[in-house]
Amino acid sequence: MIDKTVATVTAAVADVSDGMTLMFGGFGLCGIPENAIQELVRLNPKNLCCISNNAGVDDFGLGLLLQQKQVKKMISSYVGENAEFERQMLSGELEVELTPQGTLAEKCRAAQAGIPAFFTPAGYGTEVAEGKETRIFNGKPHVMETAFQADFAFVKAWKGDVAGNLIFKGTARNFNPLMCGAAKITVVEVEELLPAGALDPNQIHIPGILVDRIFQGVNFEKRIEQRTVQN
Amino acid sequence: MIDKTVATVTAAVADVSDGMTLMFGGFGLCGIPENAIQELVRLNPKNLCCISNNAGVDDFGLGLLLQQKQVKKMISSYVGENAEFERQMLSGELEVELTPQGTLAEKCRAAQAGIPAFFTPAGYGTEVAEGKETRIFNGKPHVMETAFQADFAFVKAWKGDVAGNLIFKGTARNFNPLMCGAAKITVVEVEELLPAGALDPNQIHIPGILVDRIFQGVNFEKRIEQRTVQN
Amino acid sequence: MALDKNGIAQRIAQEIQDGFYVNLGIGIPTLVANYIPENIAVEFQSENGILGMGPFPVAGQEDADLINAGKQTITSLPGASFFDSAMSFGMIRGKHVDLTILGAMEVSEKGDIANWKIPGKMVKGMGGAMDLVASAENIIVAMMHTNRQGDSKLLPKCSLPLTGVACVKKIVTELAVLEIQPEGFLLCERAPGVSVAQIKAATAGKLIIPEEVPEMRV
Amino acid sequence: MALDKNGIAQRIAQEIQDGFYVNLGIGIPTLVANYIPENIAVEFQSENGILGMGPFPVAGQEDADLINAGKQTITSLPGASFFDSAMSFGMIRGKHVDLTILGAMEVSEKGDIANWKIPGKMVKGMGGAMDLVASAENIIVAMMHTNRQGDSKLLPKCSLPLTGVACVKKIVTELAVLEIQPEGFLLCERAPGVSVAQIKAATAGKLIIPEEVPEMRV
């Protein structure tokens, strides 16, 4: 068994530097790597390109990196749940590349799986397809999209073992599994870090081979963005 | 909850007809849809194109369809563990399209996921790439491969619920999950059919939306091809 | 009388058949879930990774790890499953989802849809809408017939940046049910008490008016 | 004296580093697992869907649902995982597997490999070999230096249909360890008691012979 544990988030994130491309799991604030984000705020690398479905809110998630103006470019499908993001975007400080959500997911999965490019119908005939190759398959036009290339992937899982095997919970799964192994280095924080053999090998969502560093996360806030209940 | 159960294998397979393209899960004899294969022998459709990583042995698995000369074409990565296969292939009765195993898997997954084509490095510079488009990505040549198009997918799972949610066991998983939803109709046999809600939604390998028909399999032989033990 | 948002949702619910997997967008489409007949089996997919989505939780039972694509807390029903975003959009692109219901800013008589961007305004992004409209075989748009300025949203050609091309099949507004046909918007039903003339006046694109235009039953 | 198959496996085992994920082909490569030093952590991947493969089971403990790519019954070790074939080849194509060890019929001085087809004979197929050789950054070929007819398997150009192009990095035979260099086969080590002349005689492709060719330590 190959041990992937690192003792602290500081050790896990220490080699992130200016100008890197970083992937972040999560949908809205659900399943985001809270510990890594906090540490990136402390470490304060600048000119980052962040690949994340969303951009957090003003005072949580990737909004924290935006507040410190660490982000040069966001690649997302849906943004602007926060005022600072909007300000930076409209002022031109922040570059935003909007990508259809399914294409975003598939570009992560392609990077993980060594598929350099694929065709999808999403975005054909829209500005998303501008400058991209298009082709008809089975009578229907498709757009060619390419795999992401990133330096780090920051992932949050529910349970993990020291071998890096991961299990996600509920809809906190989202983009997290797809970013494992999709960047040069994959850093995972878990709610519960277990010894090897503690997880049923049939139930593992992501095998440890796709994980480079795993650590026990602390103080997860798991903030709810839209608390909605029955009448 | 949408109920996907059918009472018998006969009902599940009845509309397979001559000349259809059929997918079969399994690796060697591990995880093959034994019940569906038996029923296809009984039903006896001819001129089938079969997509399966392997072609069974003389008296088990897809070898049973070969014996009855039901198969016109095999699309596989590794064949010829049986004498009848070899005889039909060498005599020209049986057409064989050999595909790299990873490409075979990805062509199934592409069909499932609505990706009509993708690029892979596998087979570049070999006869597998003949007549196919090639392209360089990141300095490395790749071959364009397209999604499979099939009429039926026959899948074997370990546990399933009436909503069609599936869990596979050990290495009997292999191609089975990838073929779910990759054909027009997906037929699944399970060792244990459970009520909806009996499976943990976090542990489901394949959601029921990718399954059209599910039934309780019977008399699984689960033959071992190469019984190997420690000295 | 023109329908309200709940009326639109109620009419759309009639399009849902037994055994359908349905993806509901934000806004009016979300309300459709309230009008599914008891005697049919329907499962709701939310593209952030759940099939078998249930109602909102009772107070105190909210789970931060269980939300819908609108980021609202939800519940799951027996037979539900969770999955990653690649699997989720695999379901969508692979045409496994039977029906997509979503809102729009504009629809053209060719079935083009614009619902994600207004030039000059803050753009929040398309989320999963481009994947949904490009892939679904069955797309119903739920929207008001005209915008706040009173201009028709059913146009010869969309003026806003497109979300998808030639993809919308049906439109339900407060005034009418319309289908996209090669020749234009086919007027299928009128809202109760709404006249064909009213609908014609509110439709900028080519409207095909059959001899008989029945009233909706809602 | 030339090595036997176990000797080749033993020499290859020295190439495996702590923390490596390794895919072993059928034949000599399978034997490599027997020679991994105790003090390093290595995990074996089998492309049919397991990481953390263990030894063969004890008699009576065979599980039909747990086999390797050679269809042999196996066991799993603590920390193992099972996955589908798309994930498995994702690991391979995505360069997550650190080392691939496989057999060959022929290797060219450019690193081309042929190991799946002999024209005119029954062709069983390439299995996962084309994916493995096209993707692995680190490929070691384990084979005999010559075939049964005594002809060299290290050639200027492969005569058999290729499995992959310019992909082999290292070759270990019963006679030598060789690396593929832009100029040809670099002779790195000789088997104990084997002379450079013997190796030269058995190598049809261009052989680069350094001044000093150390003996293998096995």
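As a basis for the values below, the full set of heavy atoms in this structure was taken, side chains included, without hydrogen atoms, waters or symmetry mates. Letters A, B, ... are given to chains in the order of the sequence lines, protein chains preceding strands, and every chain is numbered from 1.
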With no hydrogens and no angle check, is any side-chain donor or acceptor of [X] less than 3.5 Å from a backbone partner on [Y]?
X        : Y        : answer
C:Lys124 : A:Ser77  : no
C:Ser85  : A:Ala105 : no
A:Gln230 : C:Phe56  : yes
A:Arg173 : C:Phe82  : yes
A:Thr171 : C:Ile67  : yes
C:Thr73  : A:Arg227 : no

Name the region of [X], side chain, backbone, both or neither, that has any atom closer than 4.5 Å to a heavy atom of chain A.
X        : answer
C:Ala129 : neither
C:Val133 : neither
C:Thr163 : backbone
C:Glu47  : both
C:Asp112 : neither

Residue pairs passing the side-chain hydrogen bond (donor to acceptor under 3.5 Å, both in side chains) test where at least one lies in residues 152-162 of chain C, sequence neighbours excluded: C:Glu106-C:Ser159
Winner by heavy-atom pair count (cut-off under 4.5 Å) against chain C, out of A:Glu106, A:Met89, A:Glu127: A:Glu127
Leading residue by heavy atom contact count with chain C [cutoff under 4.5 Å; candidates A:Lys140, A:Arg223, A:His205]: A:Lys140
Region of A:Phe85 that comes under 4.5 Å of a non-hydrogen atom in chain C: side chain
Any side-chain heavy-atom pair of A:Pro121 and C:Arg93 under 4.5 Å: yes
Lys/Arg N to Asp/Glu carboxylate O, A:Arg109 vs C:Asp84, below 4.0 Å: no
